[in-house]
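Letters A, B, ... are given to chains in the order of the sequence lines, protein chains preceding strands, and every chain is numbered from 1.
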2 protein chains.
Amino acid sequence: MSGIKEVAKLAGVSVATVSRVLNDSSSVLPETKDRVCEAIEKLNYQPNLLARNLRRSETKLILAIIPSISNMFFSEVVRGMQNKARKYGYNLLLCNTEDDSESLKVYLNLLKSRQADGVIFVSSAIEQQTLTGIAKTHPVVLCSEYYDGLDISYISIDNKLAAYQAVQHLIRTGRKRIAFINGFDYHISTRLRLEGYKQALADNNIEFREELVRQGTYGLKSGLRVMRQFLSLEEPPDGVLAGSDMMAIGAIKFIKQSGLKVPEDIGVVGFDDTRATSIFEPSVTSISQPMFDMGQCAVDILLKKINSLQGYEEKLILEHELVIRHSTV
Amino acid sequence: MSGIKEVAKLAGVSVATVSRVLNDSSSVLPETKDRVCEAIEKLNYQPNLLARNLRRSETKLILAIIPSISNMFFSEVVRGMQNKARKYGYNLLLCNTEDDSESLKVYLNLLKSRQADGVIFVSSAIEQQTLTGIAKTHPVVLCSEYYDGLDISYISIDNKLAAYQAVQHLIRTGRKRIAFINGFDYHISTRLRLEGYKQALADNNIEFREELVRQGTYGLKSGLRVMRQFLSLEEPPDGVLAGSDMMAIGAIKFIKQSGLKVPEDIGVVGFDDTRATSIFEPSVTSISQPMFDMGQCAVDILLKKINSLQGYEEKLILEHELVIRHSTV
DNA sequence: TTGTATGCGTTATCAC
DNA sequence: GTGATAACGCATACAA
């Protein structure tokens with residue numbers, strides 16, 4: 001393949017001029033510009049980005065660190081990220097950690113060795129110390145999960161309010177004993193949702209009961225498992241809030257297996273509003289998170305950080321929505 | 001951040017020696033090696049990959065072009081690709097085309113400008129001409145869909161046999177009028193599956209009927225739509241093979257809406273065996289494709305091509321499996 | 001407006 | 001076994 005020199009020679013100019021038309025920096029005489037463009041066409045010249053990247057010390061690559069790509073929530077976020085990134089000429093370096101801290105390290109090395117211009121952590125299990133270290137030297141944005149104490153940009157939803165509304169909905173539709181299948185407690189969303197859950201109970205004069213809150217692992221099986229525990233209680237719940245759609249579906253499956261009916265006997269609300277909610281029968285009432293938007297905004301914020309030398313930080317909370325389906329009414 | 005020069009100075013050696021221990025190329029005296037490593041540690045030195053990439057003219061990046069990341073089939077393939085790539089120090093540049101040919105072009109420019117060492121097309125809608133052009137100058141592997149006439153490496157399953165077995169299964173479980181919701185006809189899988197479908201009918205002395213074959217778009221809605229057409233026939237089918245799990249689920253949904261029962265009145269078989277098959281009720285009988293393996297093998301083949309100067313090509317067919325669930329028995 | 005020359009941080013080819 | 005040094009292909013400060 002031909003380089004910038006050949007183009008320069010063919011156009012009868014210096015490499016500097018070719019570089020100028022390439023980046024349309026400073027002014028080039030229209031006629032010389034035409035000559036250069038012509039030469040570029042003729043030689044089918046493509047600038048070598050490796051050289052440009054070295055020179056400019058950038059890669060136009062964004063590290064996207066996510067727990068698992070085969071989770072509908074994350075894949076939607078990734079779609080949003082990619083969509084926005086493309087608009088700005090950036091691309092996504094995809095990093096599936098599968099919650100393995102070893103691979104996380106490997107991927108973070110990509111940042112240190114300048115293979116990427118910045119990083120977006122989507123719901124990542126990363127130590128605060130590691131995170132602050134990275135944030136000191138590289139542009140970082142947190143997506144979905146974040147740390148409240150740290151001054152690091154993030155984008156998320158109002159998890160407390162969301163859980164509050166979900167519980168309110170269950171109560172308003174006649175339930176009184178609301179159980180909660182929550183997520184990992186190192187996630188801030190888990191703690192905030194628990195607050196919202198408690199608040200809703202309190203506002204409706206319902207006593208909080210320890211045994212009605214359990215942790216799941218976001219998957220279908222953990223929904224089944226926790227629901228089995230709930231149904232074996234002396235006073236089983238008549239409403240369930242789950243921290244993910246898959247756990248909600250798992251719960252519903254177990255309820256049906258037990259000969260009970262959804263929504264008649266027990267109402268169930270999920271979280272995220274992934275496509276699974278409308279595939280499953282009964283369709284699942286769920287808190288809709290703007291996953292695509294979150295991905296887009298995360299990239300937006302990251303690019304702002306990349307292009308602003310000072311310590312720009314932005315915390316963004318996006319709107320959610322309770323989508324009511326047949327698992328509650 | 002410190003460069004190789006600082007390390008060299010601190011260790012009291014030349015940059016060449018530092019480079020040697022970095023790549024453990026040729027022999028370095030153990031004691032000098034120790035000194036260098038020590039200096040690297042002390043300065044927390046990370047080689048600048050941009051410079052290395054320019055020098056070596058490689059990026060250790062693989063372009064992964066897929067129609068949509070939010071499709072379970074593709075996300076599993078991507079997981080496999082990433083998994084294997086990591087083992088060899090490669091990373092994935094994720095490109096969601098959303099079936100937009102414009103963005104495809106953009107992504108292919110990454111190859112031309114040397115931002116990636118090779119490309120894997122997963123079920124991509126790409127013109128043969130474009131493809132052969134790229135394959136002439138860059139390492140290319142096709143995954144899932146491919147072109148039979150071209151000498152370009154690919155990995156897939158035996159789609160004809162798979163469809164054959166699915167239809168056999170429907171017939172063996174008592175069905176006689178088998179309908180087929182097929183995929184896009186620019187996909188080779190679509191054509192091969194049709195062959196298998198016809199073959200199975202022929203082998204069972206069942207007449208092929210044009211009106212029992214329709215095209216869908218792989219999504220849930222198209223399954224619903226096509227099933228409506230089938231049920232409005234004078235002689236509706238008692239068995240359905242769908243080219244994707246989502247279409248199978250859509251079909252089942254419509255069947256149930258129509259007051260008929262699955263599997264009692266109509267048996268349904270899907271394709272791919274994505275997780276949706278076991279989430280849905282009834283669970284869906286499906287042809288299991290080794291998606292993760294396909295991703296892994298695709299990367300394997302691509303790396304072989306990258307590391308072999310001559311025109312290495314490999315065509316691989318992986319095993320599939322009919323997984324029987326409640327939608328047929 | 002355009003050309004010259006230097007540097008980006010490595011790796012690799014020579015010498016020694 | 002080790003050290004100078006020339007590339008890699010481009011962008012830019014400076015000079016013209």
Visitor: With a non-hydrogen cut-off below 4.0 angstrom, is V13(B) in contact with a base, only sugar-phosphate, or nothing?
Guide: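 If one applies the 4.0 Å heavy-atom cut-off, V13(B) turns out to touch the sugar-phosphate alone, with no base involved.
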
Visitor: Report yes or no: does N96(B) contribute a side-chain atom to a donor-acceptor pair with the main-chain N or O of R79(A) at less than 3.5 Å?
Guide: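 Such a contact is absent between N96(B) side chain and R79(A) backbone.
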
Visitor: Roughly how many Å is it from CD in E58(B) to P in dG9(C), rounded to a whole number?
Guide: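 Between P of dG9(C) and CD of E58(B): 20 Å.
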
Visitor: At 4.0 Å (heavy atoms only), tell me whether N53(B) reaches a base, stays on the sugar-phosphate, or touches nothing.
Guide: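 Counting heavy atoms under 4.0 Å across all strands, no contact is made by N53(B).
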
Visitor: Could you tell me the separation between the CG atom of L22(A) and the C1' atom of dC10(D), rounded to a whole number of Å?
Guide: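 It works out to 9 Å between those atoms.
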
Visitor: With heavy atoms under 4.0 Å as the rule, sort L29(B) into base, sugar-phosphate or nothing.
Guide: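 Answer is sugar-phosphate: L29(B) comes under 4.0 Å of backbone atoms only.
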
Visitor: By nearest nucleotide on DNA chain D, pick out whichever of S14(B) and R52(A) is the more 5' one.
Guide: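 Its nearest nucleotide lies further toward 5', so the answer is S14(B).
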
Visitor: Identify which nucleotide among dG1(D), dG9(D), dG3(C) has an atom closest to any side-chain atom of S27(B), counting heavy atoms from C-beta outward.
Guide: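 Given the options dG1(D), dG9(D), dG3(C), the side chain of S27(B) is closest to dG1(D).
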
Visitor: Less than 4.0 angstrom from a charged side-chain N to a carboxylate O is my criterion; do K60(A) and D117(A) meet it?
Guide: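 The answer is no: the pair does not qualify as a salt bridge.
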
Visitor: Please answer whether the main-chain N or O of H187(B) pairs with a side-chain N or O of E145(B) as donor and acceptor at a distance below 3.5 Å.
Guide: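 Answer holds: no.
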
Visitor: Check the phosphate of dT2(C) against T32(A), side-chain N and O only, distance under 4.0 Å to OP1 or OP2. Yes or no?
Guide: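 Affirmative; the distance criterion is met.
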
Visitor: Take atom CD of Q115(B) and atom P of dG9(D), then tell me their distance rounded to the nearest Å.
Guide: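 Rounded to whole Å, this separation is 15 Å.
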
Visitor: Please determine whether any donor N or O and acceptor N or O are separated by less than 3.5 Å between the side chain of R20(A) and the base of dG3(C).
Guide: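 Counting by modelled atom types and ignoring angles, a donor-acceptor contact under 3.5 Å is found here.
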
Visitor: Atom NZ of residue position K5(B) - does it have more than 12 heavy atoms of other residues, nucleotides or ligands inside 6.0 Å?
Guide: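 Atom NZ in K5(B) is not packed in, count stays at 12 or less.
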
Visitor: Under 4.0 angstrom, heavy atoms only, what part of the nucleic acid is S57(B) near: base, sugar-phosphate, or nothing?
Guide: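 Result for S57(B) = nothing.
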
Visitor: Take the protein atom CZ of R56(B) and the nucleotide atom P of dG9(D), then report the distance between them rounded to whole Å.
Guide: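 So the two atoms are 16 Å apart, to the nearest Å.
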
Visitor: If the threshold is 4.0 Å, N to carboxylate O, is there a salt bridge linking D151(A) and K315(A)?
Guide: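 K315(A) and D151(A): salt-bridged.
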
Visitor: When we call it a touch if two heavy atoms are under 4.0 Å apart, what does T17(A) touch: a base, just sugar-phosphate, or nothing?
Guide: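 Sugar-phosphate only.
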
Visitor: Specify the separation, in whole Å, of atom CZ of R35(A) and atom C1' of dT2(C).
Guide: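 My rounded result for the distance is 11 Å.
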
Visitor: Tell me which of A16(B) and L49(A) sits closer to the 5' end of DNA chain D, going by the nucleotide each one is nearest to.
Guide: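 Per heavy-atom nearest nucleotide, the more 5' residue is A16(B).
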
Visitor: Can you tell which of dT4(C), dC10(D), dT5(D) lies closest to the side chain of Y45(A)?
Guide: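 Comparing dT4(C), dC10(D), dT5(D) against the side chain of Y45(A), the answer is dC10(D).
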
Visitor: Whole Å only: how far is the CG atom of N48(A) from the P atom of dC8(C)?
Guide: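 So the CG-P distance, N48(A) to dC8(C), works out to 19 Å.
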
Visitor: Whole Å only: how far is the NZ atom of K9(A) from the P atom of dT2(C)?
Guide: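 Roughly 20 Å, once rounded to whole Å.
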
Visitor: Expressed in angstrom and rounded to an integer, what is the separation of I4(B) atom CD1 from dT10(C) atom P?
Guide: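 Distance, rounded to whole Å: 5 Å.
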
